[in-house]
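Below you'll find the structure, written out as structure tokens, and then a few comments.
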Amino acid sequence: MILELLKNRVSQALVAAFGEELAGVDPLVVPASNPRFGDYQSNVALSLPKQLKQNPRAIAQQIADNIDITNICQTPEIAGPGFLNFTLLASYLATRLKDIQTDSRLGVEIAKNPQRTVIDFSSPNIAKEMHVGHLRSTIIGDSIARILEFRGHDVLRLNHVGDWGTQFGMLIAYLREAYPKALTTADALDLGDLVSLYKKAKVRFDEDEQFRENSRQEVVKLQAGAEDSRHAWQLLCNQSRREFQTIYDLLKIELKERGESFYNPLLTGVVEELSNQGLLAESEGAKCVFLEGFQNKKGEPLPLIVQKSDGGYNYATTDLAALNYRVQQDGAQRIIYVTDTGQANHFAGVFQVARRAGMVSERVEVVHVPFGLVLGPDGKKLKTRSGETVRLRDLLAEAVSRARKDLEVRLEKEGRQEEEEFIADVARVVGMGAVKYADLSQNRTSDYIFSYDKMLALQGNTAPYMLYAYVRVQGISRKGKIDFENLTEDEKINLAETEELVLGKHILQLSEVLAEVEQDLLPNRLCQYLFELSQKFNLFYDRCPILKATEPQRTSRLILADLTARTLKLGLSLLGMEVLERM
RNA sequence: GGGUGCGUAACUCAGUGGAUAGAGUAGCUGCCUUCUAAGCAGCGAGUCGUAGGUUCAAAUCCUACCGCACCCGCCA
């Protein structure tokens, strides 16, 4: 990583110029804020005047005098109040590009300390359909998992499905009175029916005291392991599971189901442990742990309820059990929860209690990765025209169908004839890519406005724009009958034109960006990088003829184009997106 | 009422201590006998919600206030 290299060199120069006491100082090297200032800058001289009793420009000068960057950068420039600017040499860039040409990882290092990482994402509820509310968790969680996996971490992707609790008592109780057959026969109902039944059951639950009592009895029976209840529950779960799987298949997302029910046998132990630790209190009949730093309306400490007054457990208990299991049994060193921001308080509470109870040591990082809502064009929570929650399969199907229409219009306009298979495949890749990219390219934490038109737009920061950049390179390969894999290794890269230089530099920054995303868990940084890469490539493509160039420039440019395409393909794959040869 | 997050160009958004705050869209203007113009270049557009504070340096950190969203003991 070039950034890492420069940091080391600046650190060494600091020691050489000012002595050992500067050894631990952060060299403050960052990519240049503006291309006019070169490629990287160190701001460290600005932070040292007090300590060194010298003015910042003089400090910068001494760093410059002592730094060893021959063959890497031009002589560093001191600018403004004391910025130290570095401009990479074209020859150095060419060497580095040559290095990654034969590297399938494109220069991205494996993490120095691979971590056992659990990512908890997607997590739909059994007996309900996946809807727009699951979109972001699923897409963001998958992307984070892919990035960490690529960096060499040992990732366990867990689908913490809602397959337990009150809702099942309710549902089974309702089915028992209304559709007893559904409890004994597989697939007697389809999931759509199940969802509407769920709603009816909910209405009954809210209205009818006797029904509420029946539901509670069903939960008790289920949790006690009664044969017919278990069987009914299994049928419901299997049916939902298959439905979920069709969506995961479409999105090409893999994850391991380990639902809430998995932790059921561990719940009493959690409460016992909290009691042993002296953390448990009783309030209004419920067992809870009072949180530090959280207060209710009256200024009293807020409780985290772990056992309800009726003796039942709730999601806090399950989450504590899961956390404990993930640390103890899964050996997790980093645990990532991808859920909406609305659950921030809940997780803060759970994490705090887990720490205080000693379930999670300081060595384990537990982090909530929150994301904002998906809004409609009106700026409110996305709904269908009739005001219903948008089903995920409808949303995805709509994206594909719109992508297909766009393509067909273009084929018509350009007088192209294509096979059905080609059309269907392009529509799928573009549609899925558009949905995923639109989501991932936003800063996770804020809400975003969902718009098919924007995400499928052919211009702008969209999936189609980037897919097109990739397609352009493949077009060159076809037209010139070039096999990129067989470009001779002894051909040189020569970054003569500005566009080549700019593109080459950007290609080499992938590993820096991924290292950042690995820390911040913000995939939009990777999106930004890939968008800029596409822009820089398009400019290069516009200004620098490739197939028509004379040697040795021709081969040099072919290598550059190939590296761009491979970087795009790799980067997009880390976002969970596919590429196309033609579109 | 308390908590959390957000408030940046007409619109959608980047930018979590560094130089003159960026991109895309929309609008206007150029560039296709040339590797897919699904592209490229140029132009206009901002009191970074408001007011203080910390710092050599603040959109970024702190405090207060205004506005919006979400959450707030037995749903997850």
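- Counting any heavy atom pair closer than 4.0 Å across all strands shown, A/P464 reaches no nucleic acid atom.
- Contacts of A/N538 with the nucleic acid, taken as non-hydrogen atoms under 4.0 Å apart, involve only primed sugar atoms and P, OP1 or OP2.
- Put simply, A/R525 has a side-chain N or O that comes within less than 4.0 Å of OP1 or OP2 on B/G15.
- Few gaps surround CD on A/E551; more than 12 heavy atoms of other groups in view lie less than 6.0 Å from it.
- Counting any heavy atom pair closer than 4.0 Å across all strands shown, A/A286 reaches a base atom.
- Shown here, B/G27 forms a base pair with B/C43; the pair counts as Watson-Crick or G-U wobble because both key distances fall under 3.5 Å.
- Distance, A/N443 CG to B/U60 C1': 13 Å, rounded to whole Å.
- For A/D542, counting side-chain heavy atoms from C-beta on, the closest listed nucleotide (B/G39, B/U12, B/A19) is B/G39.
- With distances taken from any side-chain atom of A/S283 to the nucleotides B/G39, B/A19, B/G73, the minimum falls on B/G73.
- If you measure from atom NZ of A/K287 to atom C1' of B/C74, you get 13 Å, rounded to the nearest angstrom.
- B/U33: no Watson-Crick or G-U partner with both key distances under 3.5 Å is found in any strand.
- For B/G22, the O4'-C1' to base torsion is more than 90° from 0; the nucleotide is therefore anti.
- At a threshold of 4.0 angstrom between heavy atoms, the contacts of A/L522 include nucleobase atoms, whether or not backbone atoms are also involved.
- Listed nucleotides: B/A76, B/C35, B/G15. Nearest to the side chain of A/I546: B/C35.
- Of the listed nucleotides (B/U34, B/G18, B/U12), B/U34 has the atom at the smallest distance from the side chain of A/K548.
- For A/Q41 and B/A19, a side-chain-to-base donor-acceptor distance below 3.5 Å is present, hydrogens and geometry of angles not being considered.
- Atom-to-atom, CD of A/Q459 to P of B/U12 comes out at 19 Å; the value is rounded to the nearest Å.
- Looking at heavy-atom distances under 4.0 Å, A/L539 makes contact with sugar-phosphate atoms alone, never a base.
- For A/E284, the side-chain atoms get nearest to B/C74 when compared with the rest of B/G39, B/C74, B/A19.
- The side chain of A/A79 lies closest to B/A19 when the candidates are B/U16, B/A19, B/A76.
- Protein atom CD of A/E532 is 12 Å distant from nucleotide atom C1' of B/G24, rounded to whole Å.
- Heavy-atom distances to RNA chain B give each of A/R36 and A/I476 a nearest nucleotide, and the one nearer the 5′ end belongs to A/R36.
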For this session: Assess whether ring-ring contact (aromatic ring centres under 6.0 Å, His included) is satisfied between A/F37 and A/F83, documenting all intermediate values.
Result: CA-CA 9 Å; A/F37 304 135; A/F83 297 105; 7.3 Å; no
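- Base orientation of B/C40: anti, the glycosidic angle falling outside 90° of 0.
- Taking atom C1' in both B/A58 and B/C74, the straight-line distance is 45 Å, to the nearest Å.
- When heavy atoms are screened at a 4.0 angstrom cut-off, A/A469 is found touching no nucleic acid atom at all.
- The pair A/R478-A/E581 does not meet the salt-bridge criterion, since no charged nitrogen lies less than 4.0 angstrom from a carboxylate oxygen.
- Rounded to whole Å, the separation between the P atoms of B/G27 and B/C11 comes to 16 Å.
- Residue A/D406 is out of contact with every strand shown, counting any heavy-atom pair closer than 4.0 Å.
- At a threshold of 4.0 angstrom between heavy atoms, the contacts of A/T341 with the nucleic acid are absent.
- Among the protein residues, A/D453 comes within range of no part of the nucleic acid, since none of its heavy atoms lies under 4.0 Å from any strand.
- As judged by a 4.0 angstrom heavy-atom cut-off over every strand, A/R582 is placed among the base-contacting residues.
- Here the nucleotide nearest the side chain of A/K308, chosen from B/C75, B/A14, B/G39, is B/C75.
- The existence of a salt bridge linking A/D439 and A/K436 is excluded, since no basic side-chain nitrogen approaches an acidic carboxylate oxygen closer than 4.0 Å.
- Here B/G5 presents its P atom at 17 Å from CZ of A/F347, a figure rounded to the nearest Å.
- Between A/R402 and A/D453 there is a salt bridge, with a side-chain nitrogen of the basic residue lying less than 4.0 Å from a carboxylate oxygen of the acidic one.
- Separating the P atom of B/U4 from that of B/G44 is a span of 43 Å, rounded to the nearest Å.
- Base-pair partner of B/A21: not found among the strands shown (Watson-Crick or G-U wobble, both distances under 3.5 Å).
- Pairing for B/A51 is with B/U63, a Watson-Crick or G-U wobble pair whose two hydrogen-bonding atom distances lie under 3.5 Å.
- For A/E209, the CD atom is densely surrounded, since the number of other residues' heavy atoms within 6.0 Å is greater than 12.
- The same atom, C1', is picked in B/A57 and in B/A21; the two are 15 Å apart, to the nearest Å.
- Among the nucleotides B/G3, B/A14, B/U12, the one closest to any side-chain atom of A/Q528 is B/A14.
- Using a 4.0 Å cut-off, some side-chain N or O of A/Y465 falls inside it from OP1 or OP2 of B/C40.
- Heavy atoms of other residues, nucleotides or ligands lying less than 6.0 angstrom from NZ of A/K505 number more than 12.
- Heavy atoms of A/Y448 sit under 4.0 angstrom from primed sugar atoms or phosphate atoms, though from no base atom.
- Remark: B/U16 base-pairs with no nucleotide in the shown strands. Criterion, Watson-Crick or G-U wobble with two distances under 3.5 Å.
- Between A/D447 atom CG and B/U12 atom P the separation is 13 Å, expressed in whole Å.
- Although no hydrogens or angles enter the test, the distance criterion places no donor-acceptor pair under 3.5 Å between the side chain of A/R216 and the main chain of A/G169.
- Among the nucleotides B/G15, B/C70, B/A19, the one closest to the side chain of A/L373 is B/C70.
- Within the nucleic acid shown, A/D319 has no heavy atom closer than 4.0 Å to any nucleic acid atom.
- Applying the Watson-Crick and G-U wobble criteria (two distances, each under 3.5 Å), B/C70 pairs with B/G3.
- For A/S446 and B/A14, the shortest distance from a side-chain N or O to OP1 or OP2 is below 4.0 Å.
- One finds no side-chain N or O of A/N524 lying less than 4.0 angstrom from the OP1 or OP2 phosphate oxygen of B/A14.
- Here the side chain of A/Q535 is nearest to one of B/A76, B/G24, B/A19, namely B/G24.
- Atoms CD (A/Q442) and P (B/U12) sit 11 Å apart, rounded to a whole Å.
- No contact: A/C527 has no heavy atom under 4.0 Å from any strand.
- Toward the 5′ end of RNA chain B lies the nearest nucleotide of A/L28, the other residue of the pair A/L28 and A/V471 mapping further downstream.
- Between A/Y315 and A/H346, the distance from one ring center to the other falls under 6.0 angstrom.
- In the interface, the side chain of A/N34 is not paired with the base of B/A21 through any donor and acceptor atom under 3.5 Å apart.
- For A/K454 and B/U25, the shortest distance from a side-chain N or O to OP1 or OP2 is not below 4.0 Å.
- A/N345 comes within 4.0 angstrom of a base, heavy atoms only.
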Problem set entry | Criterion ring-ring contact (aromatic ring centres under 6.0 Å, His included) on A/Y452 and A/F450, from CA distance to verdict | CA-CA 7 Å; A/Y452 289 112; A/F450 187 93; 5.0 Å; yes
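- Separating the OH atom of A/Y313 from the C1' atom of B/C75 is a distance of 18 Å, rounded to the nearest angstrom.
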